[in-house]
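Worth saying up front: this structure is predicted, and the values here are computed from it rather than measured.
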Amino acid sequence: MPMNPELLANPKAERVRHVAELANAKARRRAGRFLVEGPQSVREAVACCPDAVRDLYVQADDAANAAELANGAHTAALTRSRIVETALGAGVYVHQATPEVLSRISSNAQGIAAVVDVEELSANGDAVSWPDDIDDTDDVADTDGTDGADNMNATMIAAFWQVRDPGNAGTVIRSADAAGCAAVVFVDDCVDVFNPKVVRSTAGSLFHVPVLSMGTEEFFAWTLSHDCPVIAADVYGTAESRPQSLPDFLRGGSRDAAAKAVLFGNEARGLPEEILVQAQHIVSIPIYGKAESLNLATSAAVMLFSMAMSSHIGTM
């Protein structure tokens with residue numbers, strides 16, 4: 001699809017207004033689309049899920065050829081130009097816009113933004129809407145281009161119950177992606193995954209790993225149907241089941257499990273007892289210093305990476 005020859009110069013134009021409105025949850029639900037802002041996230045959207053990208057908006061000066069920009073051009077402009085080249089090659093409709101229009105679309109655009117179709121992204125994301133499809137790890141590709149079957153950690157699921165903070169949600173998606181998780185599951189009443197701050201905080205990982213949403217009962221039924229034990233991350237446990245420290249849990253050979261879902265709780269309240277009693281294991285992260293606790297994003301990174309590295313010990 002060619003580049004739109006018309007320069008978008010009016011920040012009050014209807015098209016620009018509709019794109020800017022995607023910052024609002026109601027507008028996203030109505031349109032079935034969401035906004036991706038900034039070079040890093042847009043680059044990953046275009047590279048990994050081009051069929052889901054409906055429109056790309058780029059600062060007009062960056063529409064020039066990348067080879068021309070390379071001769072003394074600013075690095076940011078060159079990066080955007082290369083994204084445009086990739087987008088045009090994938091058939092994405094590209095619109096040139098003035099800096100004022102890009103600022104109206106998003107104050108975080110940094111010269112480039114994209115509109116992505118929610119339904120199409122689900123179709124491209126290893127069946128985000130159909131969680132049963134991710135039970136076959138042969139269908140899950142690693143970010144380094146290797147087949148998921150070769151990744152011993154391909155069947156680790158990162159799950160988050162009632163996560164409300166957009167920054168936390170995006171950060172844990174990024175951590176789960178880096179740890180090689182097969183999917184991320186947001187359980188019960190969580191923040192909108194397509195909230196602009198969530199999308200920005202994933203730094204492109206939203207386009208690398210399937211992100212599912214389901215209710216609490218559905219989550220436990222789903223993990224049970226796939227023989228996937230749930231490991232609850234919790235400091236206190238229950239009266240009947242005290243938490244096992246993460247080093248002891250890993251030392252016990254848990255890395256040999258065929259599949260596992262690691263479940264983290266709400267930022268303020270953690271996991272309630274009615275959730276903990278349904279988990280097969282309760283595990284806590286030991287604190288060796290004087291800090292009282294770790295926040296959700298840090299806890300998720302520590303536990304997911306510890307389990308990921310443990311699962312790879314046999315391949316080192």
Practice prompt. Give a yes or no answer on whether the side chain of Glu37 reaches the backbone of Ser106 with a donor-acceptor pair at less than 3.5 Å.
Written response: no
Worksheet item: Are Val116 and Val209 joined in one hydrophobic group, where the rule is that I, L, V, M, F, W and Y side chains link up if heavy atoms are under 4.5 Å apart?
Response: yes
Fill in: Point-to-point distance, once rounded to the nearest 0.5 Å, from CG of Leu35 to CG of Asp55
11.0 Å
Worksheet item: Would a 4.5 Å heavy-atom cut-off, applied to side chains only, mark Phe160 and Ile173 as touching?
Response: no
Worksheet item: Would you say Val19 and Val118 are hydrophobically clustered, going by side-chain heavy atoms of ILVMFWY under 4.5 Å?
Response: no
Discussion item. Using a 3.5 Å distance criterion without hydrogens, assess whether the side chain of Ser81 forms a donor-acceptor pair with backbone atoms of Ala77.
Written reply: no
Item to complete: Before accepting this row, confirm whether a basic side-chain N of the pair Asp189/Arg164 lies closer than 4.0 Å to the acidic partner's carboxylate O.
Response: yes
Worksheet item: Cut-off 3.5 Å, side chains only: do His208 and Glu44 have a donor facing an acceptor?
Response: yes
Worksheet, complete the sentence: Of all heavy-atom pairs linking Val191 and Ala169, the shortest is CG1-CB, 3.5 Å
Discussion item. Assigning hydrophobic clusters by single linkage (Ile, Leu, Val, Met, Phe, Trp, Tyr; side-chain heavy-atom cutoff under 4.5 Å), is Phe207 placed with Val193?
Written reply: yes
Worksheet item: Between Val184 and Val172, is any pair of side-chain heavy atoms under 4.5 Å apart?
Response: no
Fill in: Gln162 backbone acceptor or donor facing Asn266 side chain under 3.5 Å
yes
Worksheet item: Are His281 and Lys260 close enough that some pair of their side-chain heavy atoms sits under 4.5 Å apart?
Response: no
Discussion item. Please tell me whether Tyr57 and Tyr93 are part of a single hydrophobic cluster in this structure, the criterion being side-chain heavy atoms less than 4.5 Å apart.
Written reply: no
Worksheet item: Is any side-chain heavy atom of Arg33 less than 4.5 Å from a side-chain heavy atom of His18?
Response: no
Worksheet item: Closest approach of Val101 and Ala9, non-hydrogen atoms and distance?
Response: CG2-C, 3.6 Å
Worksheet item: With side chains defined as the heavy atoms from C-beta onward, is the minimum distance between Arg28 and Asn195 less than 4.5 Å?
Response: yes
Worksheet item: Should Val36 and Leu121 be counted in the same cluster of Ile, Leu, Val, Met, Phe, Trp and Tyr side chains packed under 4.5 Å apart?
Response: yes
Fill in: salt_bridge(Arg174, Asp177) N-O dist < 4.0 Å
no
Fill in: Side-chain touch Thr216/Glu274, heavy atoms, less than 4.5 angstrom
no
Worksheet item: Is there side-chain contact between Val94 and Val58, with at least one heavy-atom pair below 4.5 Å?
Response: yes
Fill in: Considering all heavy atoms, the nearest Tyr288-Pro247 contact
OH-CG, 3.9 Å
Worksheet item: Can you tell me if Arg82 uses its side chain to pair, donor with acceptor, with the backbone of Arg43 under 3.5 Å?
Response: no
Worksheet item: In terms of the angle between their ring planes, are Trp222 and His226 parallel, tilted or perpendicular, with boundaries placed at 30° and 60°?
Response: perpendicular
Worksheet entry | Partner of Met303 by side-chain contact (heavy atoms from CB on, under 4.5 Å), out of Leu294, Leu250, Val262 | Val262
Practice prompt. May I ask you to test the Arg54-Glu120 pair for a side-chain heavy-atom distance under 4.5 Å?
Written response: yes
Worksheet item: When you check the gap from the basic side-chain N to the acidic O, do Glu21 and Arg17 get nearer than 4.0 Å?
Response: yes
Worksheet, complete the sentence: Of all heavy-atom pairs linking Leu263 and Ile275, the shortest is CD2-CG2, 3.6 Å
Worksheet item: For the residue pair Arg104 and Pro11, what are the closest heavy atoms and their distance?
Response: CG-O, 3.3 Å
Worksheet entry | Minimum heavy-atom distance Ser284-Asp234, with the two atoms named | CB-O, 3.3 Å
